[in-house]
Amino acid sequence: MAMMKMKIYGYRLRALLSTSLSSSPFHSVPSRTFSSSSFENVGFIGLGNMGSRMANNLLKAGYKMTVHDVNCNVMKKYSDMGVSTKQTPSEVAEASDVVITMLPSSSHVLNVYNGPDGLLQGGDLLTPQLFIDSSTIDPQTSRKLAVSVSNCILKEKKENWENPVMLDAPVSGGVVAAEAGSLTFMVGGSEDVYLAAKSLLLSMGKNAIFCGGPGNGSVAKICNNLAMAISMLGLSEALALGQSLGITASTLTKIFNSSSARCWSSDSYNPVPGVMQGVPSSRNYSGGFASKLMAKDLNLAAASAEEVGQRCPLTFLAQNMYVS
């Protein structure tokens, strides 16, 4: 009887897995090996606090760069450095094998891809084999763009690249890590494409983690920032209480960092001036991750939670605190 129950359970499990895989829009497809040898010309769009430092590390790694930004002063700076600059995203695409975007929001990304003179302005025929979006945006937008890109074809097929493909690859680590080339990339898309792009990503970071199908990099990013936003609030409240009760922030931080309260906000990004060097709090909070950007990321997390019916009470409390 026990053996019969095990067989029935096995049949049901295989049937469930088969149904799940066949019904998913992101089920696995036959594997292909993609080569990174054709990534000679790299386009970069979005040269803000993060993007400029990422682009600089690609230049240091020896990539031939073509860049675009809406800020004319930034464009002049790169032009003076001998870097090719273009007036529109579509011109960047024409000159590139791979295009990386690092933009503030979903609306900016959609405009760069689909707007007038956008990356997909060439219609069905595109020059770049690969598009990498490192912006922090909602997973739905990442997935829609991945479909749009994959529906195009290449002007010139190279090796196993038959169609252009897209990876969503947002980052963690902030401006300090972008400067040092020690970012962590959270990558969604085809695993074969991820492997082909990994050396390119590691020219800008120290870690690249494959997260699954299209949009999963964006999922990982908003969940990471949600956890960090909540931990920063908890740390800041604890440090404020401790100082009010007579213990210094430096002493309390030493305790936290050798105890169960240790977190990235305490040991790498401490919010109290004078406790840690080289972080925004040590330079009057300049050059850090703006609270309005954290509010944007929490808005993405809250909207995603509502969409799937997931109850996330701390998400909404944190959202209200960062927005107010």
Side-chain angles (χ1 to χ4, degrees), residues 41-122 127-128 130-138 141-142 145 166 168-183 185 200-201 203-205 218 221 225 280 283-297 299-300:
N41 302 298
V42 178
F44 206 107
I45 298 174
L47 301 166
N49 285 334
M50 294 292 293
S52 61
R53 289 164 171 82
M54 293 165 68
N56 290 346
N57 283 323
L58 288 172
L59 287 169
K60 291 175 186 176
Y63 287 99
K64 182 180 178 182
M65 301 285 294
T66 301
V67 302
H68 169 75
D69 194 90
V70 294
N71 187 324
C72 295
N73 292 329
V74 171
M75 292 274 277
K76 184 179 185 305
K77 172 187 172 184
Y78 278 88
S79 180
D80 290 345
M81 291 166 55
V83 178
S84 173
T85 60
K86 300 293 183 181
Q87 295 301 310
T88 65
S90 62
E91 291 178 296
V92 173
E94 283 297 315
S96 305
D97 301 312
V98 52
V99 177
I100 302 170
T101 48
M102 186 58 158
L103 301 161
S105 69
S106 299
S107 61
H108 292 90
V109 173
L110 286 171
N111 185 59
V112 163
Y113 272 83
N114 297 329
D117 296 316
L119 291 171
L120 305 185
Q121 189 64 24
T127 299
L130 176 61
F131 296 85
I132 300 174
D133 181 42
S134 289
S135 316
T136 300
I137 63 174
D138 62 280
T141 296
S142 295
L145 284 175
M166 183 174 184
D168 47 288
V171 301
S172 179
V175 172
V176 174
E179 180 81 36
S182 58
L183 293 167
F185 286 85
L200 176 68
L201 298 176
S203 296
M204 301 175 282
S218 294
K221 172 62 176 181
N225 278 23
R283 49 179 185 267
N284 198 29
Y285 301 100
S286 67
F289 189 65
S291 58
K292 67 178 181 181
L293 292 178
M294 181 57 78
K296 181 213 77 173
D297 292 352
N299 289 340
L300 294 175

Atom of [X], atom of [Y] and distance for their closest heavy-atom approach:
| X | Y | result |
| --- | --- | --- |
| S203 | L58 | CB-CD2, 4.0 Å |
| L103 | G46 | CD2-CA, 4.0 Å |
| T141 | I137 | CG2-CD1, 3.8 Å |
| S52 | G48 | OG-O, 2.6 Å |
| M81 | L59 | CE-CD1, 3.9 Å |
| V99 | A93 | CG2-CA, 4.2 Å |

Between atom [atom1] of [X] and atom [atom2] of [Y], what is the distance when rounded to the nearest 0.5 Å?
| X | Y | atom1 | atom2 | answer |
| --- | --- | --- | --- | --- |
| L300 | D138 | CG | CG | 6.0 Å |
| T85 | F44 | OG1 | CZ | 15.5 Å |
| D69 | K76 | CG | NZ | 15.0 Å |
| S96 | H68 | OG | NE2 | 12.5 Å |
| E91 | Q121 | CD | CD | 11.5 Å |
| Y113 | D133 | OH | CG | 5.0 Å |

With a 4.5 Å cut-off on side-chain heavy atoms, are N56 and Y78 touching?
yes
Heavy-atom side-chain contact between L201 and I132 under 4.5 Å
yes
With respect to P89, which candidate in I45, T101, N111 satisfies the side-chain contact (heavy atoms from CB on, under 4.5 Å) definition?
I45
Test S134 against every option in M50, M54, M204, K221 by the side-chain contact (heavy atoms from CB on, under 4.5 Å) rule and name the one that passes.
M54
Any side-chain to backbone donor/acceptor pair from K86 onto E94? Under 3.5 Å, distance only.
no
Polar side-chain atom of D117 near backbone of T88 as donor-acceptor pair, under 3.5 Å
no
Side-chain donor-acceptor pair under 3.5 Å between Y63 and N57, yes or no?
no
Could you tell me whether the side chains of N284 and S286 share a donor-acceptor contact shorter than 3.5 Å?
no
Working note: V42 + I100, criterion side chain to side chain contact (heavy atoms under 4.5 Å, CB included); need CA distance, chi angles, decisive distance, verdict.
CA-CA 8 Å; V42 178; I100 302 170; 4.0 Å; yes
